[in-house]
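First the structure, in the form of C-alpha cells, and then the observations on it.
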Amino acid sequence: MLNYKSSINETKKYSEINMSEFEPVVKINLRGKKRDFITKIGKSLSIIIPTEPNTSSSNENLNILWLSPDEWMLYTNEKVHKLENNYNLEEKLFSEISKVNLGSVTNVSDHWSIINIRGKNTYELLSSGCPFNFNKFKNTKGAVTQTILNHVDVIIHNKDINEINLFVRRSFSKHLWSWMNDSARFL
Amino acid sequence: MNKNLRITNNKFIDQTSRISFKFDGKTLYGFKGDTLASALLANNIHLVGRSFKYHRPRGIMACGSEEPNAIVQVGNDASMTEPNTRATEIELYEGLEASSQNCWPSVNFDIGAINNFFSPLIPAAFYYKTFMWPANFWKLYEYFIRKSAGLGKSPTKPDKDIYDHRYLHCDVLIVGGGISGIIAAKTAAKNNLNTVLIDDKNILGGTTLFQENECFKINNSYSNEWLKKEIETLNSLKNLTIKTRTSVAAYHSYNYILARENLTDHLDLNEKKDKIRQRLWKIRAKKVIIATGAIERPLIFNNNDRPGIILSSSIKKYIDYYGVKCGQKISLFTNNDSAYETAISLSNSGVSVNSVVDIRDKTNSLIVKQAEKLGIKIHWKSTVVNTNGYKRINSIEIMKLSDDSSAVVGKKIKEECDCLGMSGGWTPRVHLFTQSGGKLKFREEDNVFLPDKSNLEQISIGSCNGDFELYEVIKNSASSTNKFLNVKNIDYENLEIISSKEMDKKNIWLLPSDKPLGKTKPFLDFQNDSTANDVKLALREGFKSIEHVKRYTTTGMATDQGKLSNMHALGIISETAGVKMGELGTTTFRPPYTPLTFGTIVGRNVGEFFDIIRKTPIHDWHLENKAEFENVGQWKRAWYYPKENESMYDAVQRESKAARDSAGILDASTLGKIDIQGTDASEFLNRVYTNAWSKLEIGKCRYGLMLNEDGMVYDDGVTARLSENHYIMTTTTGGAANVMTKLEDYLQTEWPELDVYLTSVTDHYATISVCGPNSKKIVSKVIPDLDLSDSNFPHMSFKNAKIDKIKCRVMRISFTGEHSYEINIQSSYGKSVWEKCFEAGKEFNITPYGTEAMHLLRAEKGFIIAGQDTDGTITPVDLQMNWIISKKKYDFIGKRSLYRSDTIREDRKQLVGILTEDPKEVLEEGAQIVADTNKKPIEMLGHITSSYFSPNLKKSIALAVVKNGKKLKGKKMFVPMENKTINITITDTIFLDKENKRLNA
Amino acid sequence: MKNKYSIFSLIKNAFSDHENWQRAWRDPEPKKEYDAIIIGGGGHGLATAFYLAKKHNMTNIAVVEKGWIGGGNTGRNTTIIRSNYLWDASAGLYNHALKIWEGLSQELNYNVMFSQRGVMNLAHNLQDVRDLKRRTHANRLNGIDAVWLNTEEVKKFCPIINTSPDIRYPVLGGTLQRRAGTARHDAVAWGYARGASAMGVDIIQNCEVKGIKRNGNNVEGIETTKGFIKTKKIGVVTAGHSSVIANMVDLKLPLESKPLQALVSEPVKPIIDTVVMSNAVHAYVSQSDKGELVIGAGTDAYVSYTQRGSHDVVEGTLKAILELYPIFSRMKMLRQWGGIVDICPDASPIISKTHIKGLYFNCGWGTGGFKATPGSGDLFAHTIANDEPHKLNADFNINRFVSGDLVDEHGAAAVAH
Amino acid sequence: MFLINCPYCGERDQSEFSAGGEAHIVRPKQPTELSDDQWAEFLFMRKNIKGIQFERWNHAHGCRKWFNIVRDTRNDKIHAVYKMGEKPPIK
C-alpha cells in the first residue's frame, strides 16, 4: 500500500493560538462563466455558489469559496480515506461540468494545504505578515480573502469567531508553517 | 554625583531608584526616568563629543531628536554596539555603557582638533579645489580623508537582537501626544472612531506636562494639572490605542505610515534578551492628524557652539522635568518670549539667572513682566557677540544693537556664566507633512513654514501648524479636529484660559558682531561644522539654489538632518541673495524623520526567512540520502547525491553513466503544470506555442516552444492531450509562475472570446522520472497491470493508471534520450511511489540523479535548457529548430518578430555543438569563441552555453551559440582563456544516439 | 582658466577670508539665438556642452535647465562607475567613459574624487556564475580589467561579506573590476559647468522648456519660461523626462520612466572600502568618503514622475544587505530618496539622431547612467557637431528597436547599476 | 504603497498587485500585415505620460484578474479603476 504523507502534519499551541493541518480533504477548483455552470453546480451539490466577492457558502459537508468572478474553491469538511483517491465529488462534477463544456473542474487537493488556526491571537498572527485589513473580515463568518502572508499567496476562510482555515500551496507550506511558529512565539 | 545639580522636588524622576552607567569608561549614577543626557548634565558633564570637521568640543544642546552634538556610541560588544545614538533620546538603564565619538585618543584630548587650527584653509567644499596633484595621489589623500571622516563605529559581528513588523489599520491616526494630540485623540475616540495615538517619548503630555507657570492656566489650574486629568480620561476610552516610545519614521502617500516602536532599548541589560527589540508598525489610516509640535531655534553668533550652550527650552525641560540644573550661573539669549519661561523655571528652582539678553526693544508681555517681578536682569536690544571657554563656556560678551540692528554699538560687557540658554524662536515640525507630498506656505511675521495644500486625508494641529500660544493651541486644535472628523465635541468650548501673549516679534538670522564675519565662527550646522561664512561663500561662488548650498556646504546633511540648521541657512541665503524666503522654498525633508535601524526595516525577514523556500513532496528522501541541493528560483532541487567522500564531479559522472547503463530516477516535481480546459483549448495552444496542436491525438504528448512577442525563446515543455478539450501543460521550473501569468494575461485581455480555463496544478502532482534501458522492467514491477509494450504505450504518449488504489498518470517522454517514464501522482503519495520505484529498481542498480546529471544527459542529446542555452536574444531559428515553427499557422505569440530585418539575418548567433581537440579538456561555460586569435580587436563569435565531460561518450562535449554557426559545422575555432587557448571544432548539437534508438531500447 | 583651483589658491584666499573666490560658472540671461542648445543641465548635458566647446569649438551654445544643475539623477544616484559590460558595443561605450574618468579631475581642474576602489559583482546561483564568467571572458578579450574570483577570493577582497554556504543564496563567486569605483556626483556636474562656462557656454537655470518650434522637418528653437530661443540644433538629455520632451514633437520613444530609490546610512568610520553589487539578491553597497553606507535599491514596476517609490523596494534591498552583511543590522538609515529613470527595453541607452533634422536624443540610461557621464557627453557632442554618430555610439540608435538589433544587457543578468 | 481598488475584490494593498504598463495597446489582429516600423510601435514605443496615464494592473495575489486604472503619474493619485474591455470613465 502507498503511504500517505501530508506536507505538515503537526499541531502547535501558543498563547491564545492553536495551529494544525486540516487533512486530507478534497479540494476542487471550479471555473466557469456560463449561467448554467452556476445553476448546475448548485443543483448537483445542493449548495449555492457565492457570487458576492470575498464570500463563501457552506453546508455540513461542503464549502465553496469565491475566488474571482469565474473561479471558486470547493472543499469538504469531512476528511477522506488516505488509501485511495477516487473522489466521487470530483468525478460527478467533472462529468456534469467539464465533460459538457460548461466550465472547468480541477482536482487541487494536494496543490493546497489547509492550516486551521484558532484562538484570540489568530488575527494578531496574521497582522504580523499580512497587509490585508481584517477589521471587518474578522467579524464576518464565512468571509474569504486571497492575499499574501509573509510574501506567500494564501486563501483565508473565516470559519468562526477567531477561527480560520488558511490555504497555502503545498510546496510553500513548510516554510510558511515555520514562519508562523516563529511569529506565534512573540504573541 | 554632584548633588547640588539635582533639585529634590520633582514629579517625574524617581530619585530613590539609582542607576549606574558608564560614560567613556567612568562609572556614573543617574535615576530611572533619566536620559543619558540628563544624567550626564546631573554629573556636570557637558563635553560629550567632537564635531565632524574641526573636531571642536561639543556638548549637549537639546533634549530630543533634534540634538546635533551629543551623539554617542552605545555599548562596546562587537555585535551589539550602536553608533551615532543621541544621548538626549537614550533612556538610562542599568548597565548602559556609552562613549564619545570622532575623537582620539580621548574626547578631552583629541588630536583631530588640529583641524580647528587649519580651519581657515578648509572652508566649505575645499576638497573640490585641491588634492588634484599629483593625479595618482588621490587614492592616498582619500585614505586619510576617509579615516578622519565618519562618526561612530559599525558593529563588526552579526546583531543578536530580533526585530518585527505589524500591520495596523485604523480610522484616525494621531502623531504626537502633546496637548493638541491629546485633544484630538479624545475627540476622535469619543466619537467611536477606531483611533491610534502615538508619541516618541515614554509618556504623553509633551511640554505642557511640566508647564507649571502662573501665566498658563486652564479653568484656574496650572496647564500641567489640567492636562494630567485629560490624559487620565484617555486611558478609559476603549477604541483608543496609545503607543508611546513610538516614532513615525515615514509618511507615504495613501496615508501609509511607518512607525518604529522601541520595546527593549530602555530595559536593563539583563532584561533585553530574547525579546523583540523594535517593531515597525505599517499603518494604514483613513485620516491622519499631525500634532508633532515645534523645535526651538538656536541663534547664530560667534562661537555659538561651545559645550554649555543649550537651547533655552531644553534647559527648562532639564530643570522642570528631570530636575537637573544645566549650570549654576546661567545666562539666557533670546529673540522671543519663551526664554523667559526658562528664566522663571530656573529661579523658581533656585538657580541664579545672570541675565536675559534680548535682541528686542523692551516688551511687556505677561511672562516678561513676571520675570521682571522675580528680579531677573534683562539686556534689551542687545546681542551676544562672542563666547569664551574651550571645553565649557565660561563667559559671554554682550553689546547693544544699533538702531537698525545691523551692527553692534557701545562697549562690550563681559558676563561670567557656566551655561548659556539660547532661543531663536520656533520651527514647526512640518517634516511628516512634506514627506507625504504636502506643500508649505510661509508666514512672514514669525518666519515659519506652515502646512498648506495636501491631497491626502490629513491635517496638522497645534504648534506644528503655527499655533504657539496655549489659548490658540486648545481652541484651534479642538475646532479643526471637529471639522476634519466632522464630529461635534464640546469638551473644549467653554474653557477659561490664561496664556501669555507675545507682543513683539523680531528675528535676525545672523547676529551682528564686532569682528568682521571672516574672523568669526557662527555655526549653523553644529554637527557638520558649517558656518554662516560657508553659506555666504557658496553664494559668492554662484551656488544659488538652496539645494546647491546645502550640498556645497553640507548644511543640514548631518544625522540630525538639519532640524536646527535648515531655517537659518534659508534665512541667510534670502538675506544675502535678496530673495523672499517664501519664494526660496525649503529643501525637501526626506524620510526617515529620525534615523531608522536597518534591522527594524527588515524585521524577521532574515536568515531562514530571507526568502521563501519551496520543497517537493520527495524532499525528505533527498535529505535522508545526503543530496546536495541547488537553488532553482525559490525551489530546493536535488543537485547530486555524493556517496561518502565522493566529489561532485565523480558523483555526477556516476549518476549520468548509471542512467544510461541501467536505470536512473529523478524528482521532476518542480516542473510547472497547468491544467487547460475549454472548447478552444487547442486553438489557445496554437496561439501560444510556435507549433500546431489541433491534430494532436488524445492520449499523446507534444513538445512546445513558447516565445515572447519579440520572437525570443521564453519557455518550453511537454503538453499532453487528456481529452478533446482538456490538456495539461508542463513548463520549466523557473518559468512556471510567469508563464501562468502571461497566459492568463492573453486570455483576459487579448483573446477574451476564447473558451479556455487555466488552473495551476504544479503542487498537486509529484513527478517521478524513471529512465534508462531497465526503466520498463522497473515500472512494470511498480504498475503490473499497465501494458508497457511500445505498441500500446509508445514514446510521446501517456496512460492513466493506478498504483495500489491511487490514480496516477504515466507519461512516456524523455529529456535524457533514454527509454523513460514519468509518473505523475498526487503529492501526498509522491514519496511513497518514489520509494517503491527505488525498491523495484534495486536489482537494476537504479541510481537517483540530480539536476546536474540531468543537464549533462540532455546535453549529450543536444536538448536545450531555456535560460541556459538561451538568454533572451535567441530565436527558435537560432536554435536550428525551424521544424517547430509551424508555417501553416497564421499567427502565434512572437511570430511577427521573427521576420524583422535583424531576426531574418542568416548569420545570427546559432546553437551548435562543440568538441575539443583534447577530448579530456572540458570547456568553461561562458567562455568566448573566436576564429582568429591574432585579429585586433579580437572578434568574439559566440560563447559556450553548456559544457560537460560525457561519461557515456568518454569525451568533453559542449553546446554554444556561434555567429553563423549552422554554416560552420566542422570548422576549427579557438577558446582563448587567461592562460591558454583551447582548440575546438564546431559540430552538430546531437552527440549521442542521433537515430534515437535508445528511446525504444 | 582664471582662478585655477589648487592648494595654493586655497592658501592665498585664506588670507582674504575667502572673500575673493569667483563664481564657479556665469549666470547669464539667455541670448536670442545659439548654434546649439542642450536641454537638461545634468551631468550628461553639461558634459555634452563641455565637449562641444572643447573638441568641436562650438562655444555659442547654451544648456537650459528646468531647475538647478545636477539636481536630477546626477545628484541622486549611487555613483558607481564600471565598464565590465557584456556586449562589445556596451564595453566600448562604458570603457571610453572610464578612460576619461581617470583624468577628469585634472581635465576639469575640479576634484571629482574618482576613487578606483574596485567594483565586485557577486554570483548566487549557477546561472549567475555562467553569466558572470561569460561577461568576464568577454571583458578580458575587450581589454577590460575584469577577473573572476572564487568564494574565498571574494571573502579576502571584502571580508565583511557573509560567504557562509548556509545562507539562502550563498556567494558562489564573483567578478572584480579594479579600475572601477565611485566619484562625487555633485562635483561632476559642477566641474563640467565651471569648465563649460569658462569656454563661453551659457548655463541657464530655472528655465523650463515648454515647446520645440519646428519648420517642416527642421527644428527652429525652443519655447521656454524665459522666452523663445532660436537654434538649429537641439540635444535633449533629460533622463526621466525624455518622453515629456519627445511628446512635444510627437516623437514616441521606447522608454518607461520609473522610480529608482537609494538610501544612505549614518556616517561611520571606514568599514567597507570597495563597491559590492549583487543582482540576484539585489543589494548594492559602498561607503562614501564621509562615511555613509550608500545603498542602491531597485526600481518600481510602474511609471511615475514623483521621485518617490514603494517602501517594499527599500525593505527588499535592506533585507538583501543584511543577508550579505549581517553586521549592518544596527546601522541606521539616515536618508532615502528617489530619482526618475528612463528605461529602454534592452537596458541600453539611446544616443542618436532622430527623424527630425537637428533634434538629437541622449536617453534611456535606466539605472546606470552616471558611470557613462563623460563618455556620453563626448559622444553626444560628436553626434551633434557632425550630425553623425561616433562609431562608439552608432549601435545605440533609435532604429535598433525596429530592426530588432538590440544591445540586450538584460541577457547577461547585468542590471545596469 | 498604493491602495488599489480592485474592481472585483475591493481595496487592497499594492503588494497584492503587479503593474502591467500602458493600457489600450491592442495586439494587432494581423501582425503579418504590419511593417517593421508598425510592429516596433506595438512592441516597444510608449507614451510614458507625465500626467494622467491609463495603465494595466493585475491582482496577482488576489483574484488574478487584469484591469485598468487611471493614475496621475505626477502624484500617483489613482482617479479611476475599470475592467478590461470597458471604456475609460475619464478622458
Side-chain angles (χ1 to χ4, degrees), chain B residues 82-84 120-121 123 126-132 135 142 145-146 149-159 252 518 537 540-542 545 547-548 551 559 590-592 595-599 601-602 605-606 610-611 631 868 871-873 900-903 924-928 938 940 943, chain C residues 5-7 9-11 14 17-19 21 23-25 27 68 71 105-106 110-111 115 125-127 130 133-134 137-138 141 168-169 186-187 266-271 289-291 311 315 318-319 321-323 326-337 403-405 408 410-412:
Chain B
E82 185 174 10
N84 309 334
L121 283 184
F126 71 99
Y127 30 75
Y128 298 130
K129 294 177 175 145
T130 179
F131 303 129
M132 287 176 284
E142 192 185 32
I145 292 173
R146 287 170 81 84
L151 291 168
K153 293 190 184 67
S154 161
T156 52
K157 288 213 173 75
D159 192 351
H252 296 296
L537 171 65
R540 258 201 306 285
E541 295 193 78
S545 131
E547 283 290 346
H548 274 165
R551 286 157 177 268
T559 62
R590 296 187 171 118
L596 185 58
T597 306
F598 285 0
I601 296 169
V602 173
N605 299 315
V606 289
F610 168 69
D611 192 18
N631 287 314
Q868 177 171 340
D871 63 2
T873 69
R900 292 175 295 171
S901 61
D902 187 68
T903 39
E924 182 167 280
E925 287 168 350
Q928 298 288 329
I938 198 157
M940 291 173 256
H943 73 284
Chain C
Y5 292 160
S6 72
I7 183 66
S9 62
L10 270 168
I11 295 165
D17 300 326
H18 302 282
E19 296 283 348
W21 288 107
R23 305 185 59 96
W25 59 84
D27 184 27
W68 38 283
S105 293
Q106 289 68 29
Y110 205 93
N111 187 356
S115 165
N125 60 53
L126 298 175
Q127 193 52 45
R130 289 183 198 100
K133 281 189 171 171
R134 174 185 175 190
H137 285 295
L141 297 174
R168 183 68 179 85
Y169 298 105
D186 293 331
E266 294 181 330
V268 287
K269 294 294 176 189
I271 181 80
D289 287 346
K290 201 183 166 198
H311 170 71
E315 183 178 314
L318 286 174
K319 193 169 91 172
I321 290 289
L322 295 198
E323 174 80 344
I327 68 166
F328 288 156
S329 171
R330 295 177 95 83
M331 294 286 289
K332 301 191 216 84
M333 175 167 83
L334 174 59
R335 196 163 61 243
Q336 94 184 61
W337 66 90
S403 68
D405 186 13
D408 194 339
H410 289 310

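This is a predicted model, so every value here is computed, not measured. In the text below, chain A, chain B and the rest are named by the order of the sequence lines, each starting its count at 1.
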Would you check, one step at a time, whether the test side-chain contact (heavy atoms from CB on, under 4.5 Å) holds for B/Glu925 with C/Leu126?
-> CA-CA 10 Å; B/Glu925 287 168 350; C/Leu126 298 175; over 6 Å; no
Among [options], which residue has the highest count of heavy-atom pairs closer than 4.5 Å to chain B?
| options | value |
| --- | --- |
| C/Ser329, C/Gly291, C/Ala14, C/Pro326 | C/Ser329 |
| C/Ser9, C/Ser105, C/Ala138 | C/Ala138 |
| C/Lys269, C/Arg23, C/Arg330 | C/Arg330 |

Please identify, among [options], the residue contributing the most non-hydrogen atom pairs under 4.5 Å to chain C.
| options | answer |
| --- | --- |
| B/Asp611, B/Asp902, B/Thr597 | B/Asp902 |
| B/Thr903, B/Ile145, B/Thr130 | B/Thr130 |
| B/Leu537, B/Leu121, B/Leu596, B/Thr156 | B/Leu596 |
| B/Pro591, B/Ala927, B/Ala135 | B/Pro591 |
| B/Ser545, B/Pro83, B/Gly542, B/Pro595 | B/Pro595 |

Is chain B contacted by the side chain of [X], its backbone, both, or neither, given a heavy-atom distance below 4.5 Å?
| X | answer |
| --- | --- |
| C/Leu334 | both |
| C/Leu322 | side chain |
| C/Gln127 | side chain |
| C/Asp186 | side chain |
| C/Gln336 | both |
| C/Ile271 | side chain |
| C/Asp27 | side chain |

Taking all heavy atoms of [X] and all of [Y], pick out the closest pair and write down the distance.
| X | Y | answer |
| --- | --- | --- |
| C/Ser115 | B/Glu142 | OG-OE1, 2.8 Å |
| C/His18 | B/Pro120 | NE2-O, 2.5 Å |
| C/His137 | B/Gln928 | CB-CG, 3.7 Å |
| B/Phe598 | C/Lys332 | CE1-C, 3.7 Å |
| C/Asp289 | B/Ala149 | O-CB, 3.1 Å |
| C/His311 | B/Ile601 | CE1-CG2, 4.0 Å |

Atom pair [atom1]/[atom2] of [X] and [Y] - distance to nearest 0.5 Å:
| X | Y | atom1 | atom2 | value |
| --- | --- | --- | --- | --- |
| B/Lys129 | C/Asn111 | NZ | CG | 12.0 Å |
| C/Trp68 | B/Glu547 | CH2 | CD | 4.0 Å |
| B/Arg540 | C/Trp21 | CZ | CH2 | 11.0 Å |
| B/Thr559 | C/Arg335 | OG1 | CZ | 10.5 Å |
| C/Leu141 | B/Met940 | CG | CE | 5.0 Å |

Counting only N and O atoms by type, is there a donor-acceptor contact under 3.5 Å from the side chain of B/Asn84 to the main-chain atoms of C/Pro267?
-> yes
Flag if over 12 foreign heavy atoms under 6.0 Å of NZ, C/Lys290 | yes
Between C/Lys133 and B/Glu924, is a side-chain contact (heavy atoms from CB on, under 4.5 Å) present by the stated rule, with each step listed?
-> CA-CA 8 Å; C/Lys133 281 189 171 171; B/Glu924 182 167 280; 3.5 Å; yes
Contacting moiety of B/Lys157, where chain C heavy atoms sit under 4.5 Å =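 It is the backbone, since no side chain atom gets that close.
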Residue pair B/Asn605, C/Glu315: steps toward the side-chain contact (heavy atoms from CB on, under 4.5 Å) verdict | CA-CA 9 Å; B/Asn605 299 315; C/Glu315 183 178 314; 3.4 Å; yes
Taking the inter-plane angle between the rings of B/Phe610 and C/Tyr169 on a 0 to 90° scale, is it parallel (under 30°), tilted (30 to 60°) or perpendicular (over 60°)?
-> perpendicular
Taking the side chain as C-beta and beyond, is there a heavy-atom pair between B/Asn631 and C/Arg168 under 4.5 Å?
-> yes
